[in-house]
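What follows is a short report on a single structure.
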Amino acid sequence: MSRQGGVDPMRPRASLRTAVVWEVLRDALERRAKAADTEVLDVLDTGGGTGNFAVPVARLGHRVTVVDPSPDALFALERRAAEAGVTERVSGVQGDVQGLLDVITPAGYDMVLCHGVLEYVDDPAEGVSHVAGALRPAGALSLLAAGRGGAVLARALAGHFAEAQHALGDPDGRWGSGDSLPRRFTAEELTRLVTDAGLRAAAVHGVRIFADLVPGVLVDTEPGALDALLRLELAAAEDPGFHAVATQLHVLAERD
């Protein structure tokens with residue numbers, strides 16, 4: 001996790017939530033750059049907010065366009081990019097997934113990030129279709145969304161058994177009227193969405209399989225616990241058996 005260009009700035013608790021996605025994303029960027037015989041890729045981050053991924057990607061040397069509906073988030077992105085010294089490689093555009101192809105160049109990007117967006121859009125299939133439309137031939141999509149099974153497990157372990165059962169049977173994976181997320185997904189649902197959009201699901205990873213369940217005091221005070229938990233998250237991420245209980249699911253999809 002200490003390699004140059006790692007998640008910015010890889011704060012201990014933040015690293016638990018981003019390590020798996022960052023490892024997959026960084027490797028995918030390296031492969032895409034090698035295949036395209038270039039050191040600089042054009043990356044689109046939809047719903048990228050303040051630049052949690054955009055700024056580290058720019059620090060790797062790539063050009064990043066962030067599309068986000070919030071002017072405040074885009075202002076924070078600009079400030080964060082300046083602090084990281086990558087202002088010339090990061091640009092912000094106000095917009096959302098629904099009107100994505102109206103504010104960016106269709107088929108103009110080597111990699112598209114769509115993290116934490118599908119939970120909120122009215123039509124997830126349409127959303128994935130739009131982000132797929134931003135990809136160049138042989139481009140890749142990094143898709144991250146909330147996992148249905150992780151919510152069921154979390155509510156049960158918190159003693160909210162009725163809510164856990166509700167989430168288990170709810171079509172959108174919601175545990176009740178107080179749930180802040182409009183919907184959650186299974187790995188199969190996300191894979192089908194990218195396939196229907198004309199992409200190939202190259203890899204599926206579980207994210208935050210254990211991180212949200214382990215008491216924070218243990219991670220913060222037990223010597224070596226953070227590093228050990230990070231290694232465990234990375235090791236379990238590719239195992240399909242753990243996808244059903246992950247807080248989030250990550251799909252790396254490619255356009256053939």
Atom pair [atom1]/[atom2] of [X] and [Y] - distance to nearest 0.5 Å:
{"X": "Asp96", "Y": "Ser70", "atom1": "CG", "atom2": "OG", "answer": "12.0 Å"}
{"X": "Asp179", "Y": "Glu163", "atom1": "CG", "atom2": "CD", "answer": "8.5 Å"}
{"X": "Thr247", "Y": "Arg184", "atom1": "OG1", "atom2": "CZ", "answer": "9.5 Å"}
{"X": "Tyr109", "Y": "Ile104", "atom1": "OH", "atom2": "CD1", "answer": "5.0 Å"}
{"X": "Leu229", "Y": "Leu218", "atom1": "CG", "atom2": "CG", "answer": "8.5 Å"}
{"X": "Leu249", "Y": "Thr186", "atom1": "CG", "atom2": "OG1", "answer": "7.5 Å"}

With a 6.0 Å cut-off (strictly less than), is the heavy-atom count around [atom1] of [X], excluding the residue itself, greater than 12?
{"X": "Glu78", "atom1": "CD", "value": "no"}
{"X": "Gln165", "atom1": "CD", "value": "no"}
{"X": "Gln98", "atom1": "CD", "value": "no"}
{"X": "Glu88", "atom1": "CD", "value": "yes"}

Strictly distance-based, threshold 3.5 Å: is any side-chain N or O of [X] a donor or acceptor partner for the main-chain N or O of [Y]?
{"X": "Arg59", "Y": "Val86", "answer": "no"}
{"X": "Arg208", "Y": "Gln248", "answer": "no"}
{"X": "Arg183", "Y": "Val121", "answer": "yes"}
{"X": "His166", "Y": "Gly173", "answer": "no"}
{"X": "Glu233", "Y": "Ala211", "answer": "yes"}
{"X": "Arg148", "Y": "Leu168", "answer": "no"}
{"X": "Glu119", "Y": "Ala146", "answer": "yes"}
{"X": "Asp45", "Y": "Val66", "answer": "no"}

Heavy-atom distance under 4.5 Å between the side chains of [X] and [Y], does that happen here?
{"X": "Glu30", "Y": "Lys34", "result": "no"}
{"X": "Val194", "Y": "Leu143", "result": "yes"}
{"X": "Val24", "Y": "His205", "result": "yes"}

One pair to check against side-chain contact (heavy atoms from CB on, under 4.5 Å): Arg255 and Leu141. What are the steps and the verdict?
CA-CA 8 Å; Arg255 184 181 295 284; Leu141 167 64; over 6 Å; no
Test: Asp170 and Arg174 ion pair at under 4.0 Å
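No, Asp170 and Arg174 are not salt-bridged.
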[X] to [Y] - nearest heavy-atom pair and separation:
{"X": "Asp68", "Y": "Gly49", "result": "OD2-N, 2.9 Å"}
{"X": "Ala246", "Y": "Gly206", "result": "CB-CA, 3.7 Å"}
{"X": "Pro124", "Y": "Asp122", "result": "CD-O, 3.8 Å"}
{"X": "Ala58", "Y": "Arg89", "result": "O-NE, 2.8 Å"}
{"X": "Tyr120", "Y": "Ser180", "result": "CE2-O, 4.2 Å"}
{"X": "Gly92", "Y": "Leu74", "result": "CA-CD2, 4.0 Å"}

List the steps, then state whether side-chain contact (heavy atoms from CB on, under 4.5 Å) holds for Val103 with Gln94.
CA-CA 8 Å; Val103 298; Gln94 189 172 358; over 6 Å; no
Can you hop from [X] to [Y] via hydrophobic side chains spaced under 4.5 Å?
{"X": "Val67", "Y": "Val117", "answer": "yes"}
{"X": "Ile209", "Y": "Val204", "answer": "no"}
{"X": "Leu29", "Y": "Leu135", "answer": "no"}
{"X": "Phe75", "Y": "Leu77", "answer": "no"}
{"X": "Val152", "Y": "Leu190", "answer": "no"}

Apply the ring pair (Phe, Tyr, Trp, His ring centres under 6.0 Å) test between Phe53 and each candidate in His115, His62, His250; give the one that qualifies.
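Exactly one pass, corresponding to His115.
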Testing Asp110, Asp42, Asp37, Asp27 one by one against Arg32 for a salt bridge (charged side-chain N to carboxylate O under 4.0 Å, His left out), which residue passes?
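Going through the options one by one, the only one that passes is Asp110.
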If we check side-chain contact (heavy atoms from CB on, under 4.5 Å) with Leu113, which of these qualifies: Leu25, Thr46, Leu44?
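With Leu113 as partner, side-chain contact (heavy atoms from CB on, under 4.5 Å) holds for just one option, Leu25.
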side-chain contact (heavy atoms from CB on, under 4.5 Å) partner of Leu118, the single match among Asp123, Val128, Val97:
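Between Leu118 and the candidates, side-chain contact (heavy atoms from CB on, under 4.5 Å) is satisfied uniquely by Val128.
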